[in-house]
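Worksheet for the structure shown next.
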Amino acid sequence: DITPPTIIVTGCVPNPANISQSVLCNATITDNIAVDNVSANVTLPDGNTYVQNVQNDSSNWYFTFTNTVSPGLYNVTWFANDTTGVNQINLTNFTVNDVVNPTVLNITPAAGTIYNISDIVTITANATDDVNISAVYANITLPDSSIQRVNMILITGDVYEGNFTGTTQIGLYNITIVANDTSNNINSTETTNFTVQDVVSPIFNDSNMLPQPDTTYNQSDQVFLQVNVTDDVAVSVVYANITLANGSQEQIIMTYNSS
């Protein structure tokens with residue numbers, strides 16, 4: 001007998017498969033005398049080859065492959081021998097794709113958090129993927145509708161962190177976390193926000209205030225008022241309320257002198 005067994009590959013399903021999905025491969029194997037032995041190997045995209053546990057139902061031979069751990073092409077080699085030692089080989093393949101977006105959880109700051117002008121905002125998020133995370137960053141929309149990007153780095157486990165220092169405007173800042181995996185699947189659906197307010201009062205420098213407390217003037221003297229005032233954003237107006245000897249009050253609007 002010089003006739004080898006016949007191997008008709010009926011395919012692997014599903015094809016393509018997703019990461020971690022089981023794949024069932026089938027082949028119809030017959031011989032003019034009798035099939036003696038059937039085996040199959042699967043070679044992964046990284047070059048490693050795994051021998052499969054092949055079973056049969058009459059002439060239908062099959063195995064289930066579960067080691068779909070990375071995307072790429074998986075090559076399947078079927079081997080068949082008949083009882084006289086004549087062998088046959090047939091090749092097929094299937095593809096594994098990564099179609100699952102990363103998962104993003106536990107974003108901080110919590111929505112509605114209040115910060116002051118010039119505060120540093122630390123942004124964190126947990127990002128995971130069925131294969132590997134490639135990049136995580138935050139797109140921040142400022143009150144003037146401009147957008148700034150903060151790249152986030154892995155600090156521990158699956159926690160990514162980045163610092164935003166552009167809190168120069170008063171108002172609402174919207175954050176969108178973007179997670180990208182090594183197959184270019186992107187999750188950009190997770191959001192939060194924070195508000196920047198000016199909650200710090202202006203500061204008076206009393207040492208430069210004129211007149212100093214308990215200064216004495218003659219009647220009809222002109223009194224020069226001066227004070228140094230600073231603010232973390234900007235000073236809008238400075239005025240002095242003066243209570244006269246008769247109990248009445250006058251208000252004097254003070255002008256800015258840069259000298």
Side-chain angles (χ1 to χ4, degrees), residues 4-31 35-82 86-107 125-139 149 151-154 156-160 162 176-191:
T6 299
I7 303 176
I8 300 174
V9 175
T10 53
C12 297
V13 291
N15 185 17
N18 189 43
I19 289 288
S20 301
Q21 189 173 15
S22 296
V23 176
L24 176 65
C25 294
N26 290 270
T28 300
I29 301 176
T30 56
D31 187 70
V35 174
D36 181 45
N37 180 62
V38 174
S39 62
N41 293 339
V42 178
T43 302
L44 276 62
D46 63 7
N48 288 319
T49 298
Y50 295 87
V51 178
Q52 300 304 297
N53 179 25
V54 179
Q55 303 177 62
N56 74 300
D57 179 10
S58 186
S59 62
N60 179 42
W61 294 80
Y62 59 92
F63 65 88
T64 300
F65 186 74
T66 59
N67 193 23
T68 52
V69 294
S70 58
L73 185 68
Y74 289 66
N75 290 305
V76 179
T77 304
W78 287 95
F79 303 89
N81 286 57
D82 65 14
V86 181
N87 60 68
Q88 180 66 283
I89 297 175
N90 204 338
L91 306 176
T92 186
N93 60 66
F94 62 89
T95 300
V96 173
N97 292 331
D98 175 19
V99 298
V100 178
N101 292 335
T103 298
V104 177
L105 300 170
N106 304 323
I107 303 173
N126 293 63
T128 57
D129 188 66
D130 60 345
V131 182
N132 281 306
I133 294 289
S134 173
V136 179
Y137 57 92
N139 282 333
R149 171 170 164 166
N151 292 319
M152 303 173 69
I153 62 173
L154 182 65
T156 182
D158 56 14
V159 180
Y160 290 77
T176 299
I177 304 296
V178 180
N180 193 354
D181 69 13
T182 50
S183 300
N184 205 33
N185 297 306
I186 297 174
N187 182 347
S188 59
T189 63
E190 304 305 318
T191 62

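Every heavy atom of this structure was used, including side-chain atoms; hydrogens, water molecules and symmetry mates were not. The model shown is predicted, which means the values in this text are computed figures rather than measured ones.
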N/O donor-acceptor pair under 3.5 Å between [X] side chain and [Y] backbone:
X    : Y    : value
S188 : V178 : no
D82  : P5   : no
Q52  : Y50  : yes
T6   : I29  : no

Smallest separation among heavy atoms of [X] and [Y], with atom names:
X    : Y    : value
D57  : Y62  : N-CE2, 4.0 Å
N15  : T95  : OD1-N, 2.9 Å
I133 : A127 : CG1-O, 4.0 Å
T103 : N187 : CA-ND2, 4.1 Å
Y160 : M152 : O-CE, 3.3 Å

Side-chain contact, heavy-atom cut-off 4.5 Å: [X] with [Y]?
X    : Y   : answer
D129 : D98 : yes
Y74  : V23 : no
P4   : N87 : no
P71  : N97 : no
L44  : F65 : yes
N26  : N60 : yes

Roughly how far, to the nearest 0.5 Å, is [atom2] of [Y] from [atom1] of [X]?
X    : Y    : atom1 : atom2 : value
S70  : I19  : OG    : CD1   : 6.0 Å
N126 : I177 : CG    : CD1   : 11.0 Å
D181 : N101 : CG    : CG    : 7.5 Å
N139 : T191 : CG    : OG1   : 12.0 Å
N180 : N132 : CG    : CG    : 12.0 Å
N41  : L91  : CG    : CG    : 10.5 Å

| field | Intermediate values then yes/no, side chain to side chain contact (heavy atoms under 4.5 Å, CB included), N93 and V76 | value | CA-CA 5 Å; N93 60 66; V76 179; 5.7 Å; no

| request: Take T49 and T43 through the test side-chain hydrogen bond (donor to acceptor under 3.5 Å, both in side chains) and record every step on the way to the result. | output: CA-CA 4 Å; T49 298; T43 302; 2.9 Å; yes

| Can D130 and N18 be said to form a side chain to side chain contact (heavy atoms under 4.5 Å, CB included), step by step? | CA-CA 10 Å; D130 60 345; N18 189 43; 4.2 Å; yes

| query | Does the pair I89 and T77 meet the rule for a side chain to side chain contact (heavy atoms under 4.5 Å, CB included), with working shown? | reply | CA-CA 7 Å; I89 297 175; T77 304; 3.7 Å; yes

| Ring geometry between W78 and F63 (parallel below 30°, tilted from 30 to 60°, perpendicular above 60°) |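 The arrangement is tilted - the two ring planes meet at 30° to 60°.
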
| request: Would you check if there is a donor-acceptor pair between the side chains of T182 and S134 at a distance under 3.5 Å? | output: no

